[in-house]
Amino acid sequence: MEDLKYLLALNYVPGIGSETSKELIKMFGSAERVWKLKPNEKLLIKGLSQKKLNQIGNEEFLILAEKEINKAIQNNIKILSFYNNDYPYLLKQCSDAPTFIFSRGNINWENKKFVAVVGTRNMTPRGEEFVKELVSDLKNQKIVIVSGLALGIDAAAHTAAVENGLDTIGVLAHSVHEIYPRANERLAYKMMENGGVVSTYSSFQKPQRNFFLSRNRIIAGLSDATIVVESDMKGGAMSTATHANNYNRDVFAVPGRITDKYSRGCHVLIKSHKAFLTTDSKDLLNYLNLSSVKKPKIQQPELFINLDEQEQRIIDFLKQKGKIHIDELAVYMKKPSFQLMSVLLNLELKNLIRPLAGKNYELKN
């Protein structure tokens, strides 16, 4: 607890964020040691202005840190330090992991798979139905649903998790001492029974627009996989997908009609190979190496789906090869790979093939 005080104080110094504080701690051994540096020792630090160096050790920030710790204790809020074992393992693997996070509720970080479900605030009935069915299919699995507690897809994901007995975590763009939006306040308190809310922001920090974008990296960093249900070309869900890709975590996107505004982002992710196309929970469960609790349906796609000549050739080739790289397919089809992308996307939409890592494809079972 003593070193946590110095860790908070160090991060409260203007211009010294998580990355710089981690570098300083690595250099000198602990946050307390950094905080108590002598003037001649500060000269060893490169890349920081004299103004910032002078603020290290400022009693004002230490008092602020002590107040924050006491307030957390009074409100049953945990402060998880990057340097302690209780810090979320997946988040710790991220290069820009925060040095501490605030946690409120009953969150179990052990022996679980964490899945982010994100999307637009302007959720359509189709998007809501997909979220409900997806989360329902994950019932009885050791899965935690992660999202941002925003209106729309986020709230639908949290609600479905609560209804199906799954743990769920809301990542806030402000302090955990308050719940926003107010419309989700009751939902948040329900989540705290089996899960809760987390944040990287202290109680005295006023919400800013950039906090919402920064929050998205925490959603991605906490999660084994991210599912984008509905999104326009820009938005928080697309930001979360970008962070997930940067962390080498797989992203899934739900396709829709080409005319649907809130499917545009999903289509871009799929076409640019930044997300796997998904139409149900089986893709996710296969990725997480979990068994579906539902009895799989026997599919005989060739009896029910009309294929054009190109599509049929690709299906026949996959039956022979089992798994193929897009470049191998391009040679076989005698077409540039970029010309095959629309054909492959059509086959994915028909639920006949699935994309794999490394631009490979295989038939769906």
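When a residue number appears, it is its place in the shown sequence, counting from 1.
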Student: Mind checking the CG-CG spacing from N106 to N194? Nearest 0.5 Å is all I need.
Tutor: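 Atom-to-atom, N106:CG and N194:CG are 7.0 Å apart.
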
Student: Closer than 3.5 angstrom, by distance alone: can the side chain of N84 be matched with the main-chain N or O of Y87 as a donor-acceptor pair?
Tutor: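 A pair under 3.5 Å: no.
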
Student: Is any side-chain heavy atom of L284 closer than 4.5 Å to a side-chain heavy atom of D137?
Tutor: no

Student: Looking only at atom types and distance, does a side-chain atom of N58 sit under 3.5 Å from a main-chain N or O of E60, one as donor and one as acceptor?
Tutor: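 Yes, the answer is positive, given that a donor and an acceptor are paired below the 3.5 Å cut-off.
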
Student: Does W109 have its ring centroid less than 6.0 Å away from the ring centroid of F114?
Tutor: yes

Student: Between D316 and Q320, is the side chain to side chain donor-acceptor pair (under 3.5 Å) condition met? List the steps.
Tutor: CA-CA 7 Å; D316 291 341; Q320 294 175 23; over 6 Å; no

Student: Let me confirm one number: the CD1-OG distance from I101 to S18, rounded to the nearest 0.5 Å.
Tutor: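 Reported value, rounded in 0.5 Å steps: 11.0 Å.
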
Student: Any side-chain heavy atom of E19 sitting closer than 4.5 Å to one from D96?
Tutor: yes

Student: Tell me whether S214 contacts the main-chain N or O of N210 through its side chain, where contact means a donor paired with an acceptor under 3.5 Å.
Tutor: no

Student: Mind telling me whether Y247 and H243 have parallel, tilted or perpendicular rings, with 30° and 60° as the class edges?
Tutor: parallel

Student: Who clusters with V268? Use side-chain heavy atoms, under 4.5 angstrom, across I, L, V, M, F, W and Y, and order the result by chain and number.
Tutor: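 Answer for V268: M233.
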
Student: Please examine the side chains of W35 and V13, heavy atoms only from C-beta on, and report whether any two atoms are closer than 4.5 Å.
Tutor: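 Yes; the side chains approach each other to less than 4.5 Å.
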
Student: So, do L90 and L222 sit near enough that their side-chain heavy atoms are less than 4.5 Å apart?
Tutor: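 They are not in side-chain contact.
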
Student: Verify the distance criterion only: is there a donor paired with an acceptor across the side chains of Q205 and S175 at less than 3.5 Å?
Tutor: no

Student: Crowded around N76 CG? As in, over 12 foreign heavy atoms under 6.0 Å?
Tutor: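 Incorrect, the count does not exceed 12.
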
Student: I'd like to know if the side chain of K92 reaches the main chain of F82, judged simply by a donor and an acceptor atom lying under 3.5 Å from each other, with no hydrogens or angles considered.
Tutor: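 Looks like yes, one N/O pair under 3.5 Å.
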
Student: Is Y12 close to Q55 at the side-chain level, that is, under 4.5 Å between some pair of heavy atoms?
Tutor: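 The answer is no; the side chains never approach within 4.5 Å.
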
Student: Would you say E68's side chain and S203's backbone share a donor-acceptor pair under 3.5 angstrom?
Tutor: yes

Student: Given V144, which partner from the list L138, V115, N108, D167 fulfils the side chain to side chain contact (heavy atoms under 4.5 Å, CB included) test?
Tutor: D167

Student: Taking the six-membered ring for Trp, are the ring centroids of Y287 and F276 within less than 6.0 Å of each other?
Tutor: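 No: the rings miss the under 6.0 Å criterion.
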
Student: Do side-chain atoms of R249 reach the backbone of G221 as a donor and acceptor pair under 3.5 angstrom?
Tutor: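 Confirmed, R249 side chain pairs with G221 backbone.
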
Student: Checking side-chain polar atoms at under 3.5 Å, does E66 have a donor or acceptor matched by the opposite partner on N70?
Tutor: no

Student: State, with a plain yes or no, whether a side-chain heavy atom of M333 is found less than 4.5 Å away from one of Q339.
Tutor: no

Student: To the nearest 0.5 Å, what is the distance between CG on L349 and NE2 on H267?
Tutor: 6.5 Å

Student: Just verifying a value: how many Å separate M192 CE and I179 CD1, rounded to the nearest 0.5 Å?
Tutor: 4.0 Å

Student: Can you measure from CD (Q208) to CG (L213) and round to the nearest 0.5 angstrom?
Tutor: 12.0 Å

Student: Atom NZ of residue position K112 - does it have more than 12 heavy atoms of other residues, nucleotides or ligands inside 6.0 Å?
Tutor: yes

Student: Starting from V331, walk the hydrophobic network (Ile, Leu, Val, Met, Phe, Trp, Tyr; side-chain heavy atoms closer than 4.5 Å) and list everyone else you reach, by chain and number.
Tutor: none

Student: Using atom types as modelled and distance alone, determine if a side-chain donor or acceptor of D260 lies under 3.5 Å from a backbone N or O of Y262.
Tutor: no

Student: Counting neighbours of CG on L44 that are heavy atoms of other residues, nucleotides or ligands and sit closer than 6.0 Å, is the number greater than 12?
Tutor: yes

Student: Taking G148's backbone N and O only, do any of them form a donor-acceptor pair with D154's side chain (distance below 3.5 Å, no angle check)?
Tutor: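 Such a contact is found between D154 side chain and G148 backbone.
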
Student: Is it true that E23 and K46 make a salt bridge, defined as a side-chain N closer than 4.0 Å to a carboxylate O?
Tutor: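 Salt bridge flag = no for K46 with E23.
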
Student: Can you pull out every ring-ring contact (aromatic ring centres under 6.0 Å, His included) where at least one residue sits in residues 148-202? Sequence neighbours excluded, please.
Tutor: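 Counting only pairs at least two positions apart or across chains, the ring-ring contact (aromatic ring centres under 6.0 Å, His included) contacts touching residues 148-202 are Y201-F211.
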
Student: Tell me whether R217 contacts the main-chain N or O of C94 through its side chain, where contact means a donor paired with an acceptor under 3.5 Å.
Tutor: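 Side chain of R217 to backbone of C94: no pair is present.
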
Student: Donor-acceptor check, side chain of E311 to backbone of D308, threshold 3.5 angstrom: yes or no?
Tutor: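 Yes, E311 side chain to D308 backbone: donor-acceptor pair under 3.5 Å.
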
Student: Is the CZ atom of R121 crowded by more than 12 outside heavy atoms at less than 6.0 Å?
Tutor: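 It does not: R121 CZ has 12 such atoms or fewer within range.
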
Student: With a 4.0 Å cut-off, would you call E128 and K132 a salt bridge?
Tutor: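 Yes, E128 and K132 are salt-bridged.
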
Student: Atom OG1 in T120, atom CE in M238: separation rounded to 0.5 Å?
Tutor: 12.0 Å

Student: Which residue is it: N245, T226, V228? I am looking for the one with a side chain to side chain contact (heavy atoms under 4.5 Å, CB included) to T240.
Tutor: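 Per the side chain to side chain contact (heavy atoms under 4.5 Å, CB included) rule, the option paired with T240 is T226, out of N245, T226, V228.
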
Student: Side chains of K113 and Q141: closer than 4.5 Å at any heavy-atom pair?
Tutor: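 K113 does not reach Q141 side chain to side chain.
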
Student: Hey, is CZ on F204 packed in by over 12 heavy atoms from elsewhere, all under 6.0 Å?
Tutor: yes

Student: Other residues, nucleotides and ligands only: do more than 12 of their heavy atoms fall within 6.0 Å of NZ on K42?
Tutor: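 Above 12, so yes.
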
Student: Are L307 and K350 close enough that some pair of their side-chain heavy atoms sits under 4.5 Å apart?
Tutor: yes

